[in-house]
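Below is one structure, written out as structure tokens; the observations come after it.
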Protein chains: 2
Amino acid sequence: MIKIGELAKISGCSVETIRHYEKEQLLAAKLRSDGNFRLYDHADIERLLFIKHCRSLDLSLAEIRQLLSLNDSPMSQCDDVNQMIEQHIEQVERRIADLTQLNKQLKALRLSCNSKRTVEHCGILKQLNEAVSQTN
Amino acid sequence: MIKIGELAKISGCSVETIRHYEKEQLLAAKLRSDGNFRLYDHADIERLLFIKHCRSLDLSLAEIRQLLSLNDSPMSQCDDVNQMIEQHIEQVERRIADLTQLNKQLKALRLSCNSKRTVEHCGILKQLNEAVSQTN
DNA sequence: TATTGACTCTATAGTAACTACAGAGTTTAA
DNA sequence: TTAAACTCTGTAGTTACTATAGAGTCAATA
């Protein structure tokens, strides 16, 4: 059994993050030491690494909680997992499209200012202001 | 002079958002009515639309505050604006790259589960667990 | 004129996923 | 034994809002 500091080292999560996951019901220490320190075993390490991997895929804690509970009750349907991933993919793709559009606009903006001038004549600010007038 | 509700309608921002911007020092009503209602003029409308446009470019409120103060003091250097936009572009591009990578992983994950099975044999969960073991 | 409804005010709490304390207790090594 | 390092709980801060509560203001209607 290891204490929270060692789990943090092994997993690469911070101690605070681990405690946060406990509060969020993702990972609970089943045992405490005499001095009330959390004690973890190998299964806990795996569970935390699972969580970390899911987080690296940008899954929310709520989604991960769902995955973990599915994992814990093996009779549930695989479809549920599939559907969740599917939704997540859509969400990510929407975000990519948005950012790509954004990137274009920012680059156009950058072109409109050739430095060495005072803000008075700054093309970027001018453009931002003009966009405003048009919107209005 | 118009009240906050009308400004909200004109700008497409919510009343709460406008009050939030005031709290964040982006947009202050220079006048109040007898009954202590905020009063706005045309310059305020323009300023709010400017803010909104910047937000649509994903600039943070801190960045917008900076832009507005540059706009308010026309002797400052255009370079500052340029540099900020430059940094923002980099940030957006980094985020796009991350998400693209993420998208690949999610799609690979999706392929590993063919539904109609119980979670026990779900390829997605299996993969997530295996990834854990490898990381460890 | 009284009152209803729509509007506005301030202040506070909630969102997501942490991070960063404070103040206390525990363990370990010198 | 005492100091350093670790852990505990609980609370507040981060971002950009959103959503209340409880009170006050204003315009139109009965």
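Letters A, B, ... are given to chains in the order of the sequence lines, protein chains preceding strands, and every chain is numbered from 1.
Within residues 17-37 of chain B, the residues having any heavy atom under 4.0 Å from DNA chain D are, by residue number, Thr17(B), His20(B), Tyr21(B), Gly35(B), Phe37(B). The stretch residues 90-97 of chain B has no heavy atom under 4.0 Å from DNA chain D, so no residue of it qualifies as close.
Between Lys30(B) and Glu22(B) no salt bridge is recorded (no basic side-chain N to carboxylate O distance below 4.0 Å). A salt bridge links Glu93(A) with Lys107(B): the distance from a Lys NZ or Arg NE/NH1/NH2 to an Asp or Glu carboxylate oxygen falls below 4.0 Å. Note on Asp41(A) versus Lys3(A): no salt bridge recorded, every NZ/NE/NH1/NH2 to OD/OE distance being 4.0 Å or above.
Here the C1' atom of nucleotide dT9(D) and the CD1 atom of Ile4(A) are 12 Å apart, to the nearest Å. Following rounding to the nearest Å, Arg55(A) (CZ) and dA17(C) (C1') show an atom-to-atom distance of 6 Å. In this structure, CG of Leu7(A) is placed 15 Å from P of dC6(D), rounded to the nearest angstrom. One can place CD of Glu6(B) at 14 Å from C1' of dT8(C), the figure rounded to the nearest angstrom. For the pair Leu59(B) CG and dT15(D) C1', the interatomic distance rounds to 14 Å; values are reported in whole Å. When rounded to the nearest whole Å, the span between CG of Leu39(B) and P of dC9(C) equals 9 Å. Rounded to an integer number of Å, the gap from Glu63(A) CD to dA16(C) P is 12 Å. When rounded to the nearest whole Å, the span between CD1 of Ile51(A) and P of dA16(C) equals 17 Å.
Phosphate proximity of dT7(D) to Arg38(A): absent, as no side-chain N or O sits under 4.0 Å from OP1 or OP2. At the phosphate of dT18(D), OP1 or OP2 sits under 4.0 Å from a side-chain N or O atom of Ser14(B).
Put simply, the side chain of Arg19(A) never gets that close to the backbone of Lys23(A): no donor and acceptor are under 3.5 Å apart. Remark: the backbone N or O of Leu68(A) is not paired with any side-chain donor or acceptor of Arg47(A) at under 3.5 angstrom. The backbone N or O of Ser11(A) sits less than 3.5 Å from a side-chain atom of Lys52(A), completing a donor-acceptor pair. Without hydrogens or angle criteria, His88(A) side chain to Leu57(A) main chain gives a donor-acceptor distance under 3.5 Å. No donor-acceptor pair under 3.5 Å is formed between the side chain of Thr17(A) and the backbone N or O of Cys13(A).
Within 6.0 Å of atom CD in Glu24(A), more than 12 heavy atoms from other residues, nucleotides or ligands are found, so the atom counts as buried in its surroundings.
Comparing Gly5(A) and Lys3(B) by the nucleotide of DNA chain D whose heavy atom lies nearest to each, the residue mapping closer to the 5' end is Gly5(A).
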